[in-house]
Protein chains: 2
Amino acid sequence: MATARKADKPYHHGDLRAALIAAAEAELIGKGIDAFSLRGAARRAGVSHAAPAHHFKDAMALLDALAAAGFARLTATMKEEQAAAGADRKAQLVAAGVGYVRFALDNPELLQLMFGTSRRKSDDPELGRNADAAFSVLVNGVGMIRGRDAFTGEAGWRDVAACWSMVHGYAQLAIAGKMEFVTGLEFTRQRDLIEDLVRRALPEKAPL
Amino acid sequence: MATARKADKPYHHGDLRAALIAAAEAELIGKGIDAFSLRGAARRAGVSHAAPAHHFKDAMALLDALAAAGFARLTATMKEEQAAAGADRKAQLVAAGVGYVRFALDNPELLQLMFGTSRRKSDDPELGRNADAAFSVLVNGVGMIRGRDAFTGEAGWRDVAACWSMVHGYAQLAIAGKMEFVTGLEFTRQRDLIEDLVRRALPEKAPL
DNA sequence: CCGTAATCTTGACGCTGTAAAAATTGTCGC
DNA sequence: GCGACAATTTTTACAGCGTCAAGATTACGG
């Protein structure tokens, strides 16, 4: 009874697997992606340095799992923003983009992890699934605008590439501190800027 | 006379500083950004593991220098592409974007280093200078299109943000392997796609 | 209630980056 | 020419890292 049992999964710790993922995020945010250490995450979770080995093959597997959780939250943030937006189809796609950037700026280290090749090997099946789910939010947004046979030709796919590139590029550059020349402008509100950017990428003459 | 003197700077090695930067790039390309090691770079340069300390304060300083060289080459690639393009002002900006992406895809690890926060501390003055030089290629491109008072309001800066975000985002996503859904399309030529993307970002109604 | 399997800890290995001390080599004044 | 000095490089050492192997601990099924 020393350790109050919160779930029924665990054997010793409670739920070490989940605790390690949470600890890994704290470690990632606290020390940055290069100073991240598996031993540090174990320390934060209150277990010995070799304990993670039983739940994750190696350090990269733990970070893959964290990245997977990140993609799930990215998807949630985009849908959340869409729910708060108007029903207009373009507004829906713009809202997804705004959510994308908001998530990125709120979780810079996580985004670096999710999209960098660094520190991961990316063969986690859940990671692939969650990344696909996030992707399909964008695809659906373009599909709504373009209608029926949106993706028969390559025009629809180009729209997706344009929208994704725009929001992702802005997010990355803002995280890297390279966007101060525009975010620092006096009367620029971040959200207006992002909406402007997304609108440039999406198909103006789409339903032509 | 055992070591043929190529310049007048060096004392012992010849030009260890430059050799270390070259070795660091080989190490970066060969082992990836997370497996990069200072000792490995020293090994490639044929010196002891502590030799770099006299030329670079620490490992991050060496990678900062490499990133600075990367920005110089990025600028060169953009200008090269501009020289090969038509004189039309929009074509010039598009060419800069194409050069940006070409450099990125030819040097993926280097781009990750240049724009990631990972493994660097970024207080190298030459790094800042070279990054600014690359930035100004884009700014000049927008300035040419918008003319005289391009950057009095914020519209011009938004154009810069849009163009940069677009090319940077596409480059990052392509490097991460996330753009196969469009690069894999049968008759899509990469260059056409990139030109299309850049054209979406730039100010259509600019000289209005 | 005990055996077995899952979980966690301990200890060890080679690797890393960095600092300090020792050794080597070029340069400058004489 | 050569000795003193300064710059460069190597050697040595240390703490931290990821991972593996072995031992200890705990839960579960018969």
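Order of the sequence lines sets the chain letters (A, B, ...), proteins ahead of strands, with each chain counted from 1.
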* Asked: Could you state the CD1-P distance from A:Ile33 to D:dC17, rounded to the nearest angstrom?
  -> 17 Å
* To do: Provide, to the nearest angstrom, the distance between the CG atom belonging to B:Asp15 and the C1' atom belonging to D:dT9.
  => 15 Å
* **Whether B:Arg200 side chain and A:Ala162 backbone form a donor-acceptor pair below 3.5 Å** => no
* To do: For A:Phe103, check ring-ring contact (aromatic ring centres under 6.0 Å, His included) against everything at least two apart and list the hits.
  => none
* To the nearest Å, how far apart are B:Leu16 CG and D:dA7 P? -> 16 Å
* Asked: Does the pair B:Trp164 and A:Tyr170 meet the rule for a side-chain hydrogen bond (donor to acceptor under 3.5 Å, both in side chains), with working shown?
  -> CA-CA 8 Å; B:Trp164 196 6; A:Tyr170 178 78; over 6 Å; no
* Taking CG from A:Leu63 and C1' from D:dT19, how many angstroms apart are they, rounded to a whole number? -> 15 Å
* **Of all pairs that satisfy ring-ring contact (aromatic ring centres under 6.0 Å, His included), the ones with a partner from residues 61-82 of chain A, not counting sequence neighbours** => A:Phe71-A:Phe115
* Structure fact -> Taken to the nearest whole Å, CZ/B:Phe36 to P/C:dC15 is 18 Å
* Please tell me which of the listed nucleotides, C:dT10, D:dT10, D:dT19, lies nearest to the side chain of A:Leu38? => D:dT19
* **Short side-chain N/O contact from B:Arg119 to OP1 or OP2 of C:dT16, under 4.0 Å** => no
* Can you check the B:Lys31 NZ to C:dG17 P distance for me, whole Å? -> 8 Å
* Asked: Within this structure, what is the CZ-to-C1' distance between B:Arg17 and D:dA7, rounded to whole angstrom?
  -> 16 Å
* To do: Could you note down all residue pairs passing salt bridge (charged side-chain N to carboxylate O under 4.0 Å, His left out) where residues 94-118 of chain B supplies at least one of them, sequence neighbours left out?
  => B:Glu80-B:Arg102, B:Glu81-B:Arg102
* In whole angstrom, give the distance that lies between atom CG of A:Asp34 and atom C1' of C:dG17. => 13 Å
Listing, residues 126-140 of chain A side-chain donor-acceptor contacts under 3.5 Å, not counting sequence neighbours, or none:
| residue | atom | partner | partner atom | Å |
| --- | --- | --- | --- | --- |
| A:Asn130 | ND2 | A:Ala68 | O | 2.9 |
| A:Ser136 | OG | A:Ala133 | O | 2.7 |
| A:Asn140 | ND2 | A:Ser136 | O | 3.2 |

Give each protein N/O atom lying under 3.5 Å from an N/O atom of nucleotides 12-14 of chain C, with the pair distance.
none

* Asked: Picking from D:dT10, D:dC17, D:dA21, which would you name as closest to the side chain of A:Ala50?
  -> D:dA21
* Pairs meeting criterion ring-ring contact (aromatic ring centres under 6.0 Å, His included) with involvement of residues 27-68 of chain B, two or more places apart -> none
Quiz: residues 20-29 of chain B side-chain donor-acceptor pairs under 3.5 angstrom, not counting sequence neighbours:
| residue | atom | partner | partner atom | Å |
| --- | --- | --- | --- | --- |
| B:Glu25 | OE1 | B:Arg73 | NH1 | 3.1 |
| B:Glu25 | OE2 | B:Arg73 | NH1 | 3.3 |
| B:Glu25 | OE2 | B:Arg73 | NH2 | 3.1 |
| B:Glu27 | OE1 | B:Arg44 | NE | 2.7 |
| B:Glu27 | OE1 | B:Arg44 | NH2 | 3.4 |
| B:Glu27 | OE2 | B:Lys31 | NZ | 2.9 |
| B:Glu27 | OE2 | B:Ser37 | N | 3.2 |

* N or O in side chain of A:Ser37 less than 4.0 angstrom from D:dC17 OP1/OP2 -> yes
* Asked: So which pairs with a foot in residues 50-64 of chain A pass salt bridge (charged side-chain N to carboxylate O under 4.0 Å, His left out), sequence neighbours left out?
  -> A:Asp58-A:Lys121, A:Asp64-A:Arg120
* So which of residues 54-62 of chain A are in contact with DNA chain C, with a heavy-atom cut-off of under 4.0 Å? -> A:His54, A:His55
